[in-house]
Amino acid sequence: MSEEQVDTSNVTSVEARLAAEALIVDVDGFEGPLDLLLTLSRTQKVDLRRISVLQLAEQYLVFVEKAKQLRIELAADYLVMAAWLAFLKSRLLLPPDPEDEGPSGEELAAHLAFQLERLEAMRDVAARLMGRDQKGRDFFARGVPEDVTRVRKVKYTATLLDLMQGYARIRTRDDFRPYVMDRDHVLTMEQALDRMRGLIGYAGDWADLVTFLPEGWEADPQRRRSATAATFAASLELAKEGKIEIRQGETFSPITIRRKPTDG
Amino acid sequence: MAEDPEQSLFEAPPMGEQERMVEAILFASAEPVSVAELNARMPHGADAAEALVHLRKRYEGRGVHLVKVGDAWAMRTAPDLGFLMQKETVEVRKLSRAAIETLAIVAYHQPVTRAEIEEIRGVSVSRGTIDLLLELEWIRFGRRKMTPGRPVTFVVTQGFLDHFGLESARDLPGLKELRAAGLLENRPPPGTGLQDDEDGEGEDSQSEMFDED
Amino acid sequence: MAEDPEQSLFEAPPMGEQERMVEAILFASAEPVSVAELNARMPHGADAAEALVHLRKRYEGRGVHLVKVGDAWAMRTAPDLGFLMQKETVEVRKLSRAAIETLAIVAYHQPVTRAEIEEIRGVSVSRGTIDLLLELEWIRFGRRKMTPGRPVTFVVTQGFLDHFGLESARDLPGLKELRAAGLLENRPPPGTGLQDDEDGEGEDSQSEMFDED
């Protein structure tokens, strides 16, 4: 940016110099080049979306030129903006170069207009925000907040590892205990059915249902009850399928079954 | 009007407004405010003493009272609600072994009855253990079981899942995974498992051991 | 709710009492108190949210109001009575134009990165400005942005909402109009090739932000 550095050309008239200064002396008051552009755009007195970016760019470049003449040290931001606006100006004035793939001058101008509009919008809402009722100025909190006294309380904690170790501890007390509780005393109908299907081929003659109970299930009363019920249910199912016949002489007498003869 | 012209320049606000003003001043003030000061702060012609009478009545029986301190007035929280002005500092304590085991059983077997918990643990579960877990909101009552006596069941809560970082109780590792993780290696010799169950709290009594058949 | 009898181990106090309790707690606190904290301080089974509805109604038109700040509640004097409070008025540090604009940008564009603030203002943001707003506890660090470099973002705080009497960031003045005009979109300069990505990201995170509170 050395070519943009303040030059040493003379200022012709003191009056002109003062007039220019009136505009520029406030350069510290501007919050950067975008803010300055926003201020300059106000002179166009149009909707920011319809602003002449070209005109704005020229105004800005004039401003920077004057600042140079006045030997006002402008921050780099302002000079970068000046260079960019000079570039934008050339893009807007020259016919588009078909070789160039960059954004068009119109796109760049539209974005600048958007930025200005957005900045102005933020200014506006910032003012509205500050204009709201504020705590300590318009409304107030309790003047003497009461101290909250501290009371000790015990909080219990445990980790997932504690939980799993605890559970493992219980489960390993009797390693043979199945995972699902009580299932070791229950024979399901499916289990009985599987068993019966295998055995029924050998049951040509009437045989007591009790003889079909799985081994080891007759002794324990709970297991026997479960196995008997399951086996009975399974035999009903097989009878329904036409595979066996069921017979009971009288109430409470033994239930007997046999394979259904193939000839019917 | 025969009034002093200067005085009628300021019409006193209606009593309802004056009451609001006294209310706001007393609320925001760091110190008790005298009637004279109230009058000085309120618009010309206002009668703070009268507004205070109304306001005091309005706050009767509320959570906040109007009280007189010397010759000044202040607002204070009702004395019976003092207990609310306490904040608990928390002391973290590890859950007892009995509680952890009970909790684990509920988590793995839910919904589970107390009798079932006792059957699995092999010792009776003290009321205190269940109460603690309920209080911690890690377990809650589930549906009653459709068995004789319709016993209540326990299930784990969302709070439990949150605390242990689980999305659902199904995410709990199974026995196989516990074993794979080496958690089942520390196996107590058979028959001693019940002994080291006691946490020195006397919570679980073996004399009430569940009768397994 | 059809609760199990065992579940109501602790009877909640009547709603009138709960209202008094909420009144006392909010009255005693200068800071907004969340519903969760109210519930934590009140007896088991109390429903602070419902009590708040009643209490808010009770204080309508009074000299003191119930206001919602984010997900918390506070009691504040009615703004129209501010003139009575010269004595309580705290001299707020006069904010610079840069600080005010930066605050507004954070509020309306949150979560917003420092680079985005600079892009909107067209000038670099001094460290002091951000520090001041952080110190006032009006802004805080938000989530990191999922863009290259994962820059930190800034969002406004509950203290900000409290100070400006806002229930949530959604209630910022003119927010809807700004959004409708497309002025809250993150629109990078043409030719940077980031347009589409960044647009989506910016909008998403913004709506997320406003949903959160």
Side-chain angles (χ1 to χ4, degrees), chain B residues 13 16-31 33 37-38 40-43 46 48 51 54-55 58-65 75-88 90 114 130-131 134-135 137 139-144 151-155 157, chain C residues 1-10 13 15-31 33 37-46 48 51-52 54-55 58-66 74-90:
Chain B
E17 270 305 295
Q18 295 188 34
E19 211 190 304
R20 290 181 72 227
M21 292 174 179
V22 172
E23 187 178 28
I25 293 172
L26 293 186
F27 173 83
S29 176
E31 270 150 35
V33 188
E37 199 191 330
L38 282 172
R41 284 169 73 171
M42 284 159 69
H54 292 291
L55 195 65
R58 185 182 290 273
Y59 275 98
E60 253 166 34
R62 306 288 322 143
V64 173
H65 287 172
M75 282 170 108
R76 296 274 182 267
T77 53
D80 67 309
L81 298 178
F83 71 95
L84 293 170
M85 302 307 141
Q86 301 175 339
K87 201 168 205 169
E88 285 148 345
V90 174
R114 187 191 180 123
I130 296 274
D131 281 352
L134 285 170
E135 203 183 301
E137 296 185 1
I139 68 171
R140 61 175 177 80
F141 292 101
R143 219 172 290 165
R144 283 178 183 277
V152 293
T153 62
F154 299 98
V155 296
T157 62
Chain C
M1 269 200 280
E3 282 184 23
D4 237 305
E6 279 94 337
Q7 224 165 343
S8 50
L9 283 174
F10 305 91
M15 191 42 69
E17 269 306 293
Q18 294 189 34
E19 209 191 305
R20 287 184 73 226
M21 292 175 181
V22 172
E23 186 177 28
I25 294 173
L26 292 187
F27 177 87
S29 172
E31 300 298 318
V33 184
E37 198 189 331
L38 284 172
N39 276 327
R41 281 169 68 179
M42 285 161 69
H44 193 98
L52 278 163
H54 295 291
L55 195 66
R58 184 182 292 272
Y59 275 93
E60 256 168 31
R62 309 284 323 142
V64 174
H65 285 174
L66 230 68
M75 281 173 111
R76 299 285 179 253
T77 61
D80 66 307
L81 300 177
F83 69 95
L84 294 169
M85 310 293 175
Q86 291 94 337
K87 205 179 161 189
E88 276 73 35
T89 304
V90 278

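In the text below, chain A, chain B and the rest are named by the order of the sequence lines, each starting its count at 1.
- Ranked by non-hydrogen atom pairs under 4.5 Å with chain C, the options B:M42, B:M75, B:H65 are led by B:M75.
- Interface remark: B:E37 contributes side-chain atoms only to the contact with chain C (heavy atom separation under 4.5 Å).
- The nearest pair of heavy atoms linking C:A24 to B:V64 is CA-CG2, 4.4 Å.
- The two residues C:G61 and B:R20 make their nearest non-hydrogen contact at O-NE, 2.9 Å.
- Considering every non-hydrogen atom in both B:T77 and C:A28, the closest pair reads CG2-CB, 4.0 Å.
- If you take NE2 on C:H44 and CD on B:E137, they are separated by 5.5 Å, rounding to the nearest 0.5 Å.
- For C:R76, the part sitting under 4.5 Å from any heavy atom of chain B is the backbone (N, CA, C, O) and nothing else.
- Looking at C:L81, only its side chain comes within 4.5 Å of chain B, counting heavy atoms on both sides.
- The candidate from B:L55, B:V22, B:D80 with the greatest count of non-hydrogen atom pairs under 4.5 Å with chain C is B:D80.
- Below 30°, between 30° and 60°, or above 60°: for C:F27 and B:F27 the angle between ring planes is above 60°, a perpendicular geometry.
- Annotation: maximal heavy-atom pairing with chain C below 4.5 Å, among B:R41, B:R62, B:E23, occurs at B:R62.
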